[in-house]
Structure formats: C-alpha cells, structure tokens
Amino acid sequence: MTERVTKTASDVKLIVFACEAGMGSSLMGANQLKKLVKKAKLDITVVHRPVGQLSDDADVIVVHQGLAKQAKEKVPTAAIVPFILFVNDPSVKQLVATLKAGDPVVSKI
C-alpha cells in the first residue's frame, strides 16, 4: 500500500472538482465548492475539469468516488477527496472546514 498524500493548508492553491464528462450536476458541485471557498475567505482557486484532463498543477482533487482511483492514477501527487453527492456532500464541506482551520488535507485514497 502506498502512503497517502498530505497537503498542508498553506500549500493548497488549486482545487480541481473533477468529473467524468465536464457537464451537468458536477458543474453545480464545482460552483458550490467555489462559493464555500470564497465564503471561507480562502485564497484558493477552484476549477472544474474532466478526469481525463487532470494535470499535475492540482493540489487537491475533489472527485466522485467512482472516479477516485482514476484521478489518483492521473495525478498521484494530489490529495484525493472523494464524494458521493454532487451537491451538499459532507466531504466537500469538511474539506473547506479543514482548510479554513489551517489543518492538513489528507488524501482519502
């Protein structure tokens, strides 16, 4: 088993909300995450990308649990935060709370 990636809060500059095709409900989830980050007054950029277009610039990847392994393989240096619900998922809210508290983000896979 490989060691899980940990990112200190101060090292998180880019969060990618990844999806399968880049449209629909995942875009709503990405927009919700952007609003949560802005409300928390975090200096972090949030973008929306299909899993196939992930790149090494991502510090944290928020991705549906069914695509988490694919995201990990594509960007092994990122902390992976899987979710189940596209909107109002507790994992997404916890990520923002963790960053706001200045705590490290630990990859879930």
Side-chain angles (χ1 to χ4, degrees):
M1 175 152 173
T2 59
E3 192 173 318
R4 293 185 184 198
V5 173
T6 299
K7 296 285 184 172
T8 62
S10 61
D11 286 342
V12 176
K13 302 297 179 204
L14 178 65
I15 299 174
V16 177
F17 195 100
C19 61
E20 194 163 17
M23 51 184 31
S25 54
S26 62
L27 185 56
M28 290 188 305
N31 286 335
Q32 180 188 37
L33 177 56
K34 286 179 187 180
K35 288 177 186 174
L36 291 170
V37 166
K38 184 177 180 179
K39 185 177 179 181
K41 295 183 170 76
L42 297 170
D43 186 23
I44 298 172
T45 302
V46 177
V47 297
H48 179 247
R49 289 185 193 149
V51 170
Q53 294 178 13
L54 291 173
S55 58
D56 290 340
D57 61 344
D59 298 307
V60 176
I61 300 173
V62 178
V63 62
H64 190 272
Q65 67 180 6
L67 298 169
K69 186 176 180 184
Q70 187 178 349
K72 177 75 173 169
E73 290 170 357
K74 186 88 171 156
V75 188
T77 58
I80 308 296
V81 178
F83 66 86
I84 297 171
L85 306 170
F86 282 98
V87 179
N88 294 324
D89 190 281
S91 298
V92 175
K93 292 179 180 181
Q94 182 58 53
L95 170 62
V96 174
T98 297
L99 290 166
K100 186 172 182 177
D103 295 333
V105 177
V106 179
S107 186
K108 304 297 183 210
I109 66 164

Given the rule that I, L, V, M, F, W and Y join up when any side-chain heavy atoms are under 4.5 Å apart, are V12 and L33 in one cluster? yes
Rounding to 0.5 Å, atoms CG (L14) and CG (D56) come to a distance of 11.5 Å
Minimum heavy-atom separation for A58 to A78, with atom names? O-CB, 3.6 Å
For the pair S107 (side chain) and I80 (backbone), establish whether a donor and an acceptor sit closer than 3.5 Å, ignoring hydrogens and angles. yes
Under 4.5 Å between side-chain heavy atoms, counting indirect links through other Ile/Leu/Val/Met/Phe/Trp/Tyr residues: same cluster for V5 and V60 or not? no
Checking F17 now: which residues fulfil ring-ring contact (aromatic ring centres under 6.0 Å, His included) with it, not counting sequence neighbours? F83
Taking V51 as the starting point, is it possible to reach F86 by hopping between hydrophobic residues whose side chains are less than 4.5 Å apart? no
Kindly compute the distance separating CD (Q65) from CG (D89), expressed to the nearest 0.5 Å. 9.0 Å
What are the two closest non-hydrogen atoms of K13 and S10, and how far apart are they? NZ-O, 3.1 Å
Give the C-alpha distance, both sets of side-chain angles, the deciding distance and a yes or no for side-chain contact (heavy atoms from CB on, under 4.5 Å) between K38 and K34. CA-CA 6 Å; K38 184 177 180 179; K34 286 179 187 180; over 6 Å; no
Without swapping roles, check the side chain of K7 against the backbone of T77 for a donor-acceptor pair under 3.5 Å. yes
Which pairs pass salt bridge (Lys or Arg N to Asp or Glu O under 4.0 Å) with one or both residues in residues 90-109, sequence neighbours excluded? none
Shortest non-hydrogen contact from S55 to V75? O-CG2, 3.5 Å
Look at the side-chain heavy atoms of Ile, Leu, Val, Met, Phe, Trp and Tyr, link any pair under 4.5 Å apart, and say whether V16 and V46 land in one connected group. no
Using the side chain to side chain contact (heavy atoms under 4.5 Å, CB included) definition, which of the options L95, I61, V47 pairs with I15? L95
Rounded to the nearest 0.5 Å, what separates atom CG in N31 from atom CG in L36? 11.0 Å
Heavy atoms of R4 and I109 approach each other most closely as CG-O, 4.0 Å
What heavy-atom pair brings A18 and L54 nearest, and what distance separates the two atoms? CB-CD2, 4.0 Å
Quick check: closest heavy atoms across L67 and E20, and the distance to 0.1 Å? CD1-N, 3.5 Å
Donor + acceptor pair across side chains of S26, H64 (<3.5 Å): no
Does one hydrophobic cluster hold both V92 and I44, with members joined at side-chain heavy-atom distances below 4.5 Å? yes
